[in-house]
Amino acid sequence: MKSNKILILANSSGGLYDFRNELVQKLLKEYQVVVSLPDEVRTAQLAAEGCKVVQTSINRRGVNPFEDLKLIQSYFKLLRQEKPDLVLTYTIKPNIYGGFCCRCMKIPYISTVTGLGSTFQKQGMLLRMIVWMYRTGLKGSGCVFFQNKENQGIFEKYHIRGKDSCLVKGSGVNLERHRKEPYPEDHQVHFLFVGRMMKEKGIEELLAAARKLHGPDVKFDLLGYCDEDYQDMLDTCEKEGIIRQLGFDPEVHDYLKRASALVLPTYHEGMSNVLMEASATGRPVIATNISGCKEIFEEGVTGFGCEPGSSESLIQALKKFLALTKEERAHMGERARTKMEQEFDRNKVAQTYYDKIQELMMKQKG
């Protein structure tokens, strides 16, 4: 029987399994692993590997004081029941509320900032409240992991600190699961968007670009679910033949395999997983020049950048890609794969986490 226990607090079973399972598997060899999650998308797989799964309701995007108070109570109850030796927290609410509960109960924990969205663009009292909440949640963290330098710099600016910090290449990418695929022979260009249909993912700019550039040889495919009030607009565009909606599917590799390039006009990212996955598959990317994206591609080498919030900038980037020959596009994809192999191997990211976990566990025993 494994004597030590690690509890993981996260807001998505898909996110945990799809992007952090290499670390989970490492931990399962040595520790009991309990995962607290709000959904069941990947819980069967996690349970089959040996994790104990506990369902904890989280409103990922809403700010409802009563719901958040319930979440805090749920975390306190979970910590008392499981008595973990160490807790890992991912994403905003687990970081803030889970971190607060761990501090109160003097349980060591490690936090991961997976992205900030527009949180720190607020003003006045709301911004001060956000800063206070983050300070409260992360103050006792044994290590705060950041996925890009900009997020790390924002936390330093507002004096939001744990006991230590570490910068990693996002979650990295699984190079076996997202193996390099031959470039499509199809004469048509298939631009693929993967993500939630919402303003901050650049859906308005994407639809404007698709309306301008679509045609018999240029197709726009959208994979993901509608997270905001865009369904009518998406349906209208599909009826007009501007886009094709592919629905939601957690298995994205086959879609990347069939794509000519991935398009992601997002406003905010921690470190974009889908850009890494597309690059690993051998596909060029067209993405915004923001932290969390620009680290993943090289302009004119593995992809093209555009400005966030600008449909015209996105259109110009897409036109650059369309001006390339099929051979040039394929070569761009090959260089994207090489970059992932050299810089973004998920096994290296998982090892960095594992080493920090071992260090904190040793401190407890010592």
Side-chain angles (χ1 to χ4, degrees), residues 2 4-64 66-102 105 107-115 117 137-138 141 145 147 170-172 174 177 195-196 224-225 227 248-252 270-271 273-274 346 349-350 353-354 357:
K2 299 165 186 172
N4 293 111
K5 182 186 292 186
I6 289 179
L7 170 64
I8 301 176
L9 308 179
N11 73 355
S12 163
S13 65
L16 183 62
Y17 184 81
D18 293 340
F19 308 132
R20 303 176 181 98
N21 196 44
E22 289 78 2
L23 175 60
V24 171
Q25 290 179 334
K26 272 180 174 288
L27 297 176
L28 282 166
K29 292 176 182 177
E30 191 167 348
Y31 305 105
Q32 299 176 61
V33 178
V34 181
V35 295
S36 166
L37 300 161
D39 63 85
E40 298 180 350
V41 173
R42 294 290 198 182
T43 52
Q45 291 93 326
L46 290 163
E49 290 179 345
C51 295
K52 177 182 177 181
V53 179
V54 178
Q55 189 156 20
T56 305
S57 179
I58 299 176
N59 184 339
R60 289 174 55 174
R61 301 191 66 212
V63 183
N64 183 314
F66 297 103
E67 288 182 348
D68 289 354
L69 182 59
K70 282 184 180 180
L71 179 58
I72 292 170
Q73 292 171 336
S74 296
Y75 281 155
F76 272 128
K77 182 180 178 181
L78 182 60
L79 292 170
R80 285 193 294 267
Q81 287 177 341
E82 296 298 335
K83 298 179 174 60
D85 298 282
L86 182 73
V87 178
L88 305 182
T89 69
Y90 292 95
T91 67
I92 296 171
K93 291 190 178 183
N95 283 343
I96 292 174
Y97 300 134
F100 169 72
C101 295
C102 288
M105 298 182 68
I107 298 172
Y109 63 105
I110 290 172
S111 317
T112 298
V113 177
T114 56
L138 300 186
S141 179
F145 280 83
Q147 298 192 340
S171 301
N174 185 318
R177 185 177 179 189
R196 289 172 289 163
Y225 58 86
D227 204 22
F248 172 75
D249 190 337
E251 300 293 344
V252 302
M271 187 68 73
N273 289 298
V274 74
R346 183 171 293 164
V349 175
Y353 273 91
Y354 183 78
I357 289 165

- prompt: Quick one: salt bridge (Lys or Arg N to Asp or Glu O under 4.0 Å) pairs with a partner in residues 21-36, sequence neighbours left out?
  reply: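 Listed once each, the pairs are Glu22-Arg346.
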- prompt: If we ignore angles and hydrogens, is there a donor and acceptor under 3.5 Å between the side chains of Thr56 and Ser36?
  reply: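 Side chains of Thr56 and Ser36: pair found under 3.5 Å.
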task: Scan side-chain atoms only and decide if Gln45 and Asn21 contain a donor-acceptor pair under the 3.5 Å cut-off.
output: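 Side chains of Gln45 and Asn21: no pair found under 3.5 Å.
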- request: Would you please name every residue forming a side chain to side chain contact (heavy atoms under 4.5 Å, CB included) with Ile96, sequence neighbours left out?
  value: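 By the side chain to side chain contact (heavy atoms under 4.5 Å, CB included) rule, Ile96 matches Ile92, Met133, Tyr134.
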- request: Report the residues that fulfil side chain to side chain contact (heavy atoms under 4.5 Å, CB included) with Pro38, sequence neighbours left out, ordered by chain and then residue number.
  value: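 For Pro38, the residues satisfying side chain to side chain contact (heavy atoms under 4.5 Å, CB included) (neighbours in sequence not counted) are Ile58.
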task: Quick one: pull up CG in Leu9 and CG in Leu7 and give me the separation to the nearest 0.5 Å.
output: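 Taking CG in Leu9 and CG in Leu7, the distance rounds to 4.5 Å.
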My understanding is that only residues two or more places apart in sequence, or in another chain, count here; which of them pass side-chain hydrogen bond (donor to acceptor under 3.5 Å, both in side chains) with [X]?
| X | value |
| --- | --- |
| Tyr97 | Asp68 |
| Asn95 | Thr89 |
| Ser171 | none |
| Thr114 | none |

- request: Provide the closest heavy-atom pair for Val113 versus Gln147 in the form atom of the first, atom of the second, distance.
  value: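 Heavy atoms only, the tightest pair is O-CG, 3.7 Å.
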query: What heavy-atom pair brings Phe248 and Pro250 nearest, and what distance separates the two atoms?
result: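 Heavy atoms only, the tightest pair is CE2-CD, 3.8 Å.
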message: Looking at Val41, is its backbone amide N or carbonyl O close enough to the side chain of Ser13 to form a donor-acceptor pair, meaning the two atoms are under 3.5 Å apart?
response: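 Such a contact is found between Ser13 side chain and Val41 backbone.
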Excluding sequence neighbours, so at least two apart, what forms salt bridge (Lys or Arg N to Asp or Glu O under 4.0 Å) with [X]?
| X | result |
| --- | --- |
| Glu251 | Arg42, Arg177 |
| Arg20 | none |
| Asp85 | none |

task: Please tell me if the side chains of Asp18 and Asn273 come closer than 4.5 Å, counting only heavy atoms from C-beta onward.
output: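 No, their side chains stay 4.5 Å or more apart.
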field: Validation row: Tyr354, Leu27 side chains within 4.5 angstrom (heavy atoms)
entry: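 Yes, side chains in contact.
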N/O donor to acceptor pairs below 3.5 angstrom from side-chain atoms of residues 74-82, sequence neighbours left out:
| from | atom 1 | to | atom 2 | distance (Å) |
| --- | --- | --- | --- | --- |
| Ser74 | OG | Lys70 | O | 2.9 |
| Glu82 | OE1 | Lys5 | NZ | 2.8 |
| Glu82 | OE2 | Lys52 | NZ | 2.6 |

message: I'd like to check the ring-ring contact (aromatic ring centres under 6.0 Å, His included) partners of Tyr31; sequence neighbours left out, ordered by chain and number.
response: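 If we apply the ring-ring contact (aromatic ring centres under 6.0 Å, His included) test to Tyr31, skipping adjacent residues, there are no hits.
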- prompt: Considering the options Leu16, Leu28, Val349, Leu88, which one meets the side chain to side chain contact (heavy atoms under 4.5 Å, CB included) requirement together with Leu23?
  reply: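 The residue from Leu16, Leu28, Val349, Leu88 that satisfies side chain to side chain contact (heavy atoms under 4.5 Å, CB included) with Leu23 turns out to be Leu88.
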